[in-house]
Amino acid sequence: MAGPRIFTSAEELRAGIGEPLGPSGWLEVDQKRIDLFADATGDHQWIHVDPERAASGPFGSTIAHGYLTLSLLPSLVPQIMLVEGMRMGINYGVDKVRFPAPVPVGSRLRATALITSVTEVGEGVQVAATVTVEREGAEKPVCVAESVSRYYF
């Protein structure tokens with residue numbers, strides 16, 4: 001991992017449209033993280049939290065919640081893309097999220113990103129980026145999210 005691409009202005013963000021960013025470092029998704037997410041969200045479905053039952057289930061082990069995978073973006077994205085020198089930055093939302101493949105317990109994940117648009121919004125800019133989370137050794141990504149942020153310089 002080479003470190004994050006640092007953007008310090010709206011102009012630099014615009015110039016970064018289409019530039020592949022990343023990958024981030026690897027992050028392991030262990031059962032403790034899955035269990036803590038289940039506790040935080042109240043989603044205790046057996047496919048996530050019961051290793052014994054999940055061993056005979058469709059994936060052969062427990063799997064991470066899709067939303068757990070999505071919630072890792074704030075940990076992974078700053079490793080590949082940072083915006084500095086702004087007065088304020090906010091997570092504005094996500095336009096589209098897909099989970100094309102499961103995340104079995106013990107998986108290692110990393111992210112890449114691609115800025116797809118930068119538009120003026122009031123005194124700031126809205127940045128849309130497609131973030132792809134991949135699982136080590138897997139063909140399909142485990143999450144593809146169109147993330148939207150706003151930055152005020």
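Being a predicted model, the structure only gives us computed values, none of them experimental. Any value given below was found using the heavy atoms of this structure, including those in side chains, with hydrogens, waters and symmetry copies removed. FYI, the numbering just counts along the sequence from 1.
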Check: What do the steps show when you test T112 against E134 for side chain to side chain donor-acceptor pair (under 3.5 Å), and what is the final call?
Finding: CA-CA 8 Å; T112 58; E134 67 175 312; 5.9 Å; no
Margin query: Could you measure the distance from the OG1 atom of T62 to the CD1 atom of I47? Nearest 0.5 Å is fine.
Written below: 8.0 Å
Notebook entry, point to check: If you draw a 6.0 Å radius around CD in E136, do more than 12 non-hydrogen atoms from other residues or ligands fall strictly inside?
Noted result: yes
Notebook entry, point to check: If we ignore angles and hydrogens, is there a donor and acceptor under 3.5 Å between the side chains of D39 and H44?
Noted result: yes
Notebook entry, point to check: Between the main-chain N or O of V29 and the side-chain N or O of S107, is there a donor-acceptor pair closer than 3.5 Å?
Noted result: no
Note to self: Can you confirm whether Q45 sits close enough to I63 that some side-chain heavy atom of one is under 4.5 Å from a side-chain heavy atom of the other?
What the structure shows: no
Notebook entry, point to check: Tracing side-chain links under 4.5 Å among I, L, V, M, F, W and Y, which residues wind up in one group with I6?
Noted result: L82
Next item on the list: Identify whether the distance between the nearest side-chain nitrogen and carboxylate oxygen of R150 and E123 falls below 4.0 Å.
Entry: no
Notebook entry, point to check: Can you check whether L72 reaches R33 side chain to side chain, under 4.5 Å on heavy atoms?
Noted result: yes
Check: Which distance, rounded to the nearest 0.5 Å, do you find between the OH of Y152 and the CE of M88?
Finding: 5.5 Å
Margin query: Rounded to the nearest 0.5 Å, what separates atom OG1 in T8 from atom CZ in F153?
Written below: 7.0 Å
Item checked: Path from V118 to V148 over hydrophobic side-chain contacts below 4.5 Å -> no
Next item on the list: Determine the interplanar angle of the F37 and H65 rings, folded into 0 to 90°, and report it as parallel if under 30°, tilted if 30 to 60°, perpendicular if over 60°.
Entry: tilted
Item checked: Flag, side chain of Q79 to backbone of G25, donor-acceptor distance under 3.5 Å -> yes
Next item on the list: With side-chain contact (heavy atoms from CB on, under 4.5 Å) as the test, would you mind laying out the steps for S149 and Y92 before giving the verdict?
Entry: CA-CA 5 Å; S149 302; Y92 194 66; 5.7 Å; no
Note to self: Which residues pass the side chain to side chain donor-acceptor pair (under 3.5 Å) test with D30, not counting sequence neighbours?
What the structure shows: none
Notebook entry, point to check: Atom CD of Q31 and atom OG of S61: how far apart are they, to the nearest 0.5 Å?
Noted result: 8.5 Å
